[in-house]
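We number each residue from 1, following the sequence as shown.
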Amino acid sequence: MFDRDDYKQIVSILGETSDDNRVYEALERLTFVLGFDRFAISHHVDLLHPPVGAYGLTNYDSDWLNEIISGQYFLDDPVQISCDGRNTGFLWPNPRMLETLTPRQRYIFEQGAKRNLCGGYTVPMHLPGEYAGSCTFATSRLETVPSESMPAAFFAVSFAFEAMRRVVRLRAGLELPAPPKLKPREREVLILLGRGKTYGEIADILHLSEHTTHEYAKRIMRAYGNIQRNNLIARALFDGIVTYPELLSMH
């Protein structure tokens, strides 16, 4: 059963920590809470020769991870390929994916299934100026995963990527970029976006036109390098521009 309190605590840890061991522990615990067995979060890069600044964490068995790298499965991974051009999470395998599998991709799926990685939910991650990446939660029995898990996973992954981003930058001795300075009205729009409000709802609450509300939102996203909306709130929380109580308030 999905434990909301445990989930909130995990997201809070991911939102605050800069320790990769705590990130790993939080993701492993999150995987269990969501109803999955394994997780893998990484940039989509050459795993044989990863570039500086790339990162990844997983609790896959070491023999499977070694096979992925030595067999260069990451070059043809159908799940990873499905992330291209997508900003929403997706369940796999799905009918469309299965119809387009090459013989090598089918082999990769079969090898994963032998290790009880029969299906899962993957969230793509595309941050401006950074390598594309994704976070996958895998299981041997997809039908046992609670219906609440997909939206919960999608939300938590933004925090997981921000945590890993912080870890990598600190490890490399790089300072985190200074947060943008938002005007009061822009910050109000940001908080309402974080509460899941639509542009129309925000316009009604703030007594603005929907066009003006959308323009405010675009300014905020541009201030963060044209970041996607689903990653914006995690970044703003990290930067201290908004707080958890403000996002959780119903007023």
Practice problem: Dump the intermediate steps for side chain to side chain donor-acceptor pair (under 3.5 Å) on Thr122 and Trp92, then the final yes or no. | Solution: CA-CA 8 Å; Thr122 295; Trp92 57 268; 3.0 Å; yes

Quiz prompt | Thr58 vs Arg38, side chain to side chain contact (heavy atoms under 4.5 Å, CB included): CA-CA, chis, key distance, verdict | solution = CA-CA 8 Å; Thr58 182; Arg38 301 285 182 176; over 6 Å; no

Practice problem: Starting from the C-alpha separation in whole Å, work towards a yes-or-no answer on side chain to side chain contact (heavy atoms under 4.5 Å, CB included) for Thr139 and Val145. | Solution: CA-CA 9 Å; Thr139 180; Val145 176; 4.2 Å; yes

Quiz prompt | Residue pair Glu162, Arg166: steps toward the side chain to side chain contact (heavy atoms under 4.5 Å, CB included) verdict | solution = CA-CA 6 Å; Glu162 283 300 315; Arg166 172 173 286 188; over 6 Å; no

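Looking at His43, its side chain does come within 3.5 Å of a backbone N or O of Tyr55 through a donor-acceptor pair. Side chain of Asp20 to main chain of Val167: no donor-acceptor pair is present (N/O by atom type, distance under 3.5 Å, no hydrogens or angles). With hydrogens and angles ignored, the 3.5 Å screen pairs a side-chain donor or acceptor of Asn59 with a backbone N or O of Phe39. Arg187 contributes no side-chain N or O that, together with a main-chain N or O of Val242, makes up a donor-acceptor pair within less than 3.5 Å. The backbone N or O of Asp63 sits nowhere less than 3.5 Å from a side-chain atom of Asp61 that would complete a donor-acceptor pair. Remark: the backbone N or O of Ala153 is not paired with any side-chain donor or acceptor of Tyr121 at under 3.5 angstrom. Proximity of a side-chain donor or acceptor of His44 to a complementary backbone N or O of Phe74 within less than 3.5 Å is not detected. Without hydrogens or angle criteria, Ser82 side chain to Pro78 main chain gives a donor-acceptor distance under 3.5 Å.
Using a 4.0 Å cut-off between charged nitrogen and carboxylate oxygen, Arg185 and Glu188 count as a salt-bridge pair. A salt bridge links Glu67 with Arg115: at least one charged nitrogen is closer than 4.0 Å to a carboxylate oxygen.
The shortest distance between side-chain heavy atoms of Met221 and Leu232 falls below 4.5 Å. Contact annotation: the side chain of Gln111 approaches that of Tyr73 to within less than 4.5 Å [non-hydrogen atoms, C-beta and beyond]. Here the side chains of Met97 and Phe109 are in contact, with some heavy-atom distance below 4.5 Å.
When hydrophobic clusters are built by joining Ile, Leu, Val, Met, Phe, Trp and Tyr residues whose side-chain heavy atoms come closer than 4.5 Å, directly or via intermediates, Ile69 is not grouped with Ile81. Side-chain heavy atoms closer than 4.5 Å link hydrophobic residues (I, L, V, M, F, W, Y) into clusters, and following such links, possibly through other members, connects Ile220 to Ile202. Hydrophobic cluster membership differs between Phe90 and Phe155, with clusters built from Ile, Leu, Val, Met, Phe, Trp and Tyr side chains linked at under 4.5 angstrom.
Going from atom CD of Glu201 over to atom CG of Leu192 covers 9.5 Å, rounded to the nearest 0.5 Å. With rounding to the nearest 0.5 Å, the separation of CD1 in Ile191 from CG in Leu206 is 10.0 Å. How far CG of Leu193 is from OG1 of Thr213: 9.0 Å, rounded to the nearest 0.5 Å. Taken from NZ in Lys183 to NZ in Lys181, the straight-line distance is 13.0 Å, to the nearest 0.5 Å.
Partner of Phe159 under the side-chain contact (heavy atoms from CB on, under 4.5 Å) criterion, out of Thr17, Ile10, Leu14: Leu14 alone. Each of Cys135, Ser42, Ser134, Ser158 was compared with Met125 under the side-chain contact (heavy atoms from CB on, under 4.5 Å) criterion, and only Ser158 meets it.
Atom CZ of Arg4 sits in a sparse spot, with 12 or fewer heavy atoms from other residues, nucleotides or ligands closer than 6.0 Å.
Tyr199 and Ala217 get closest at one heavy-atom pair: CE2-CB, 3.5 Å.
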